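A quick write-up on the structure given underneath.
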Amino acid sequence: MEYAINTETEFARDVLEGLTATNKHLSSKYFYDQRGDVLFQKIMKLPEYYLTQKEFSILDQYKDAILQPFLSSGQPFNLVEMGAGDGLKTKILLRYLQDSGCNYTYYPIDISGTVLEQLKCDLKQDFPSMCITPITGTYKRALEEQKWEEGRRNLFLFLGANIGNFDRELAVNMLRRISEALNAGDYLLIGFDLKKDPEVILQAYNDPKGVTRDFNLNILSRINKELGGDFDLAKFKHWPMYDPLTGECRSYLISMETQKVTISGLDKEVYFEKAEPIHTEVSKKYNNYELGQLAEESGFVITRDFEDKEHFFTDSLWQKQ
Ligand SMILES: C[S@@+](CC[C@H](N)C(=O)[O-])C[C@H]1O[C@@H](n2cnc3c(N)ncnc32)[C@H](O)[C@@H]1O
C-alpha cells in the first residue's frame, strides 16, 4: 500500500523530534501500519513469543471468574479495549459474553485503522448481533474524547502487556488517565508480562526467523513510504537487550556505519555515527509487588491476579476506588 506524504501528522512531528534528539528515538506505536500489523500477527504465532500463548490460556481458563461482575448484574455495560489489535485473545471473552446473553457495546481502540477494520469484519461475521464501535486513534486521544456511552458500568481491557510499552512513570500517567475515565466500582483487566529467566525474555524479542527484527525495522520502512525517507534497512541492526534490574527489554536499531539519511517530506537530513542507536521500544516486565504498587498509585485496588501455571504472565483485575 502506498501513502501520500503528509507532513502535518503527529507521526511526522514525532519522527522529526525523535531523529533530531541527542539520543535518537522513535515510538513503538508507529510499528503498526498494515505491514506492521501482519508482522505482529506473525510474532504472536512464534514459539519464542510466549506472551500470547500464556495470556490466551489465562483468558480461556478464567473467563468466567474474570467476567463474573458483569455476567451476574444483567445491566448493560461498555467493554472498552486499549490497543485491541486483531482481538485474537479478546474473542475468548467476547464469545463468553455473547453466549451468556450479556448486553454490552464493544469499543476497540487502536492507532492502526487497518487492524480495526479487520477486527470489525471478523466480529460482524462471528458475532452478527454484537454492538461494536471501533475507535481509531491513540489511547490518549480516545481517553480525552470518551466516545463510549455515559452512565453505564465500564470494563476496560488493556491486554497483551501493552502497558509494558511505557516506562514506569508514563505507565502511572496512563493508568491514572484510565482511572479518571472510570466511575468508582468499574473494572480494568490489565495484562503484565512477569519478570523471569532473562534468556526466555530476550528470545521473545529476538527470534531466529527474524520476524521481530523485521517488525522493528518496519518503522524505518514507514518513514520511507510515508515521509519520503531513504533509509537503507540493510545498514541498521535490530538490537534488543534486557536489563533484569529495571525489567525493561529495550529494542534499538543500530546504524552499522556513518551515514546520512534524507527525509524529503520533512525537508531534513539526519546524520548517524557508526554504532549510533535509535531507541524504538520498551517492553517492561513487572513482579507482583511492583504491579501492586502501580495499581495503588493509579487509583485502583487489585481484585484478583489470574496467572498461567508457569507464572510467566498475569491478567490482573483491578477495580477503581
Ligand atoms: C502489542 S499489540 C497487542 C494487541 C492486542 N492487545 C493483543 O494482546 O494481542 C499492541 C496494539 O496496540 C496498538 N497501539 C500501540 N500503541 C498505541 C497507542 N499509543 N494508542 C493506540 N493504540 C496503540 C497497536 O496498533 C497494536 O494493535
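As the structure is a prediction and not an experimental result, all values here were calculated from the model. Counting starts at 1 for both ligands and their atoms, in listed order. For the single chain, residues carry numbers from 1 onward in sequence order.
With rounding to the nearest 0.5 Å, the separation of CG in Leu217 from CZ in Phe31 is 9.5 Å.
Under the 30°/60° scheme for interplanar angles, the aromatic rings of Tyr139 and Phe158 are found to stand perpendicular.
Evaluation of the salt bridge (Lys or Arg N to Asp or Glu O under 4.0 Å) test over residues 275-290, restricted to residues two or more places apart or in two chains, returns Lys24-Glu276, Asp193-Lys285, Lys195-Glu290. The side-chain hydrogen bond (donor to acceptor under 3.5 Å, both in side chains) pairs that include a residue from residues 166-181 are Arg168-Glu297, where partners are two or more places apart or lie in different chains.
In this structure, the ring of Phe192 has its center less than 6.0 angstrom from the ring center of Trp318.
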Check ligand 1 for close polar pairs with the protein: N or O on both sides, less than 3.5 Å.
from	atom 1	to	atom 2	distance (Å)
ligand 1	6 (N)	Gly83	O	2.7
ligand 1	8 (O)	Lys89	NZ	2.6
ligand 1	8 (O)	Gly160	N	3.4
ligand 1	9 (O)	Lys89	NZ	3.4
ligand 1	20 (N)	Tyr139	N	3.0
ligand 1	22 (N)	Ile111	N	3.1
ligand 1	25 (O)	Asp110	OD1	2.5
ligand 1	27 (O)	Asp110	OD1	3.3
ligand 1	27 (O)	Asp110	OD2	2.7

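For Glu145, the salt bridge (charged side-chain N to carboxylate O under 4.0 Å, His left out) criterion is met by Lys147, not counting sequence neighbours.
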